[in-house]
Amino acid sequence: MGKPIEHSLSPLIHNASFRAMKLDCVYVAFNVEPSSLADALRSLRALRIQGANLTHPYKTEALRFLDEADHDVLVTRSVNTIKNESGVLKGFNTDGYGALRALIDALGDLNGLRIAVVGAGGAGRSLVYRLSMFDCEVYLLNRTLERAKEFVEGLRKTSKAKLYYAGLDDASSISKADVLVNATPIGMTLPGTPVSPRYLKDQLLVFDMVYDPPKTPLLMEAEKRGIKTLNGLLMLVYQAAEAEKLWLGVEPPLDVMFEVAYRACRERATL
Ligand SMILES: NC(=O)c1ccc[n+]([C@@H]2O[C@H](COP(=O)([O-])OP(=O)(O)OC[C@H]3O[C@@H](n4cnc5c(N)ncnc54)[C@H](OP(=O)(O)O)[C@@H]3O)[C@@H](O)[C@H]2O)c1
């Protein structure tokens, strides 16, 4: 459920996975009006739908309609996955997990690293929550400083990582970072780069959660400087697989899911 939803790759990814596992399941995208969100979520119970994903702009709004919520949902105030357990709607967030898995695939051990996450929205907060369990330094940069400050100060009490917050123009936290993550829509629906490319120097990795386009201006700038890059496609697949595990208790075929998502992205990019 989201608005807009037409460009979502999730139906393609989940239905390919269900087919590969020979499951009698179907994943459908619903374009939900803000005034209908409560009814749409209630319908999960009435129609005995196994679960749902929430995407923009409902990840925080939907919290009000949950019966139970996982710890990371309560901390991040962001829910992207709902499981319907006999009429009890339980909320989870698999975005942070997906982003973390993608980072670990690219970098191996995250301990000891300095990681700058740009964007304190649902996806950025969910990743920072996951990173807070590592022995690393995390800088959360946001246009609205207050939003980053509030989240970081709340999370510090339980964080293993050293957490800091800053504005988007904080040159030192970006240029000193080993890893830069974009968790804003800049480069997707908005033009340009989320931070000035002149701060990109010798980072190990620049990770952009955006996957459409597959190569955002930020990733292009990083490539020009010889920095390793990663877009949001792997994160998308990992968060989807984690949602399927929650809904169905299955071990989804990651290779099938990635292949179908990659092909769809490549086709879109060449249109
Ligand atoms: N690959 C995946 O699986 C995956 C999953 C989830 C999200 N994403 C992507 O991650 C991005 C963030 O998603 P989200 O769910 O976290 O969105 P969100 O909750 O709406 O947060 C958006 C963030 O972007 C910032 N922002 C928006 N417009 C900006 C601008 N013009 N200048 C500077 N900052 C701006 C916001 O800052 P303020 O707080 O100042 O408004 C906020 O931090 C999106 O591009 C989304 O597509 C990818």
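Below, all heavy atoms of this structure are taken into account, side chains as well, without hydrogens, waters or symmetry copies. Computed from a prediction, not measured in an experiment: that's the story for all the values here. Atoms within a ligand are numbered from 1 in the order they appear, just like the ligands themselves.
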Considering the options Leu180, Leu218, Ile186, which one meets the side-chain contact (heavy atoms from CB on, under 4.5 Å) requirement together with Val118? Leu180
Taking non-hydrogen atoms only, is Thr184 closer than 4.0 angstrom to ligand 1 via side chain, backbone, both or neither? both
Heavy-atom proximity to atom 31 (N) of ligand 1, picking from Arg125, Arg147, Arg77, Arg143, points to Arg143
Are any of the N or O atoms of Val210 closer than 3.5 Å to those of ligand 1? no
Looking only at protein heavy atoms, identify the closest one to atom 4 (C) of ligand 1 and say how far it is in Å. Met235 CE, 3.6 Å
Taking atom 17 (O) of ligand 1 as the reference point, report whether a protein heavy atom occurs under 4.0 Å from it. no
For atom 27 (C) of ligand 1, what is the nearest protein heavy atom, given as residue, atom name and distance? Pro185 CD, 3.7 Å
For Arg147, is there an ion pair with Glu150 - N to carboxylate O distance below 4.0 angstrom? no
Any idea which part of Leu168 is under 4.0 Å from ligand 1, heavy-atom wise: side chain, backbone, both or neither? side chain
Distance from atom 40 (O) of ligand 1 to nearest protein heavy atom, with residue and atom: Thr144 OG1, 2.4 Å
Do any nitrogen or oxygen atoms of Gly232 come within less than 3.5 Å of a nitrogen or oxygen of ligand 1? yes
So, Ser17 and Glu244: side-chain donor and acceptor under 3.5 Å apart, yes or no? yes
Is Arg114 reaching over with its side chain to a backbone N or O of Glu137, donor-acceptor style, under 3.5 angstrom? no
Considering only the protein, which heavy-atom contact is closest to atom 3 (O) of ligand 1, and what is its distance? Leu236 CA, 3.2 Å
Looking only at N/O atoms, are Gly119 and ligand 1 under 3.5 Å apart anywhere? no
Run the numbers for me: atoms of ligand 1, each under 4.0 Å from some heavy atom of Ala183, listed by number. 11 (C), 12 (C), 23 (C)
From Lys59, Arg130, Arg125, residue fulfilling side-chain hydrogen bond (donor to acceptor under 3.5 Å, both in side chains) relative to Asp95: Lys59
Identify, for atom 37 (O) of ligand 1, the protein heavy atom at the shortest distance, and state residue, atom and that distance. Asn142 OD1, 3.3 Å
Ala116 and Leu141: which non-hydrogen atoms are nearest, and at how many Å? CB-CD1, 4.4 Å
Between Ala120 and ligand 1, does any nitrogen or oxygen pair lie at a separation below 3.5 Å? yes
Report the relative orientation of the aromatic rings in Trp247 and His14; use parallel for angles under 30°, tilted for 30 to 60°, perpendicular for over 60°. tilted
Of the protein's non-hydrogen atoms, which lies at the shortest distance from atom 46 (C) of ligand 1, and what is that distance? Met188 CE, 4.3 Å
Short N/O distance, under 3.5 Å, between Asp95 and ligand 1? no
Short list, please: which atoms of ligand 1 are under 4.0 Å from a heavy atom of Gly122? 16 (O), 19 (O)
Short N-O contact, Arg263 and Glu267, less than 4.0 angstrom: no
Heavy-atom nearest option to atom 6 (C) of ligand 1, drawn from Met209, His56, Lys59: Lys59
Heavy-atom contacts under 4.0 Å between Leu190 and ligand 1: side chain, backbone, both, or neither? side chain
Using the side-chain contact (heavy atoms from CB on, under 4.5 Å) definition, which of the options Thr216, Asn182, Asp208 pairs with Pro194? Asn182
Which residue supplies the protein heavy atom nearest to atom 32 (N) of ligand 1, what is that atom called, and how far is it? Ile186 CD1, 3.4 Å
Within the side chain of Asp135, is there an N or O that forms a donor-acceptor pair under 3.5 Å with the backbone of Asn111? no
For Asn142, what residues pass the side chain to side chain donor-acceptor pair (under 3.5 Å) criterion, not counting sequence neighbours? none
Closest approach of any protein heavy atom to atom 13 (O) of ligand 1, naming residue and atom: Ala123 CB, 4.0 Å
Asp105 side, atom CG; Arg101 side, atom CZ - distance, nearest 0.5 Å: 6.0 Å
Check this for me, if you would: do Lys90 and Glu68 make a salt bridge, where the nitrogen-to-carboxylate-oxygen distance has to be below 4.0 angstrom? yes
Would you check whether Tyr211 has a nitrogen or oxygen atom less than 3.5 angstrom from a nitrogen or oxygen atom of ligand 1? no
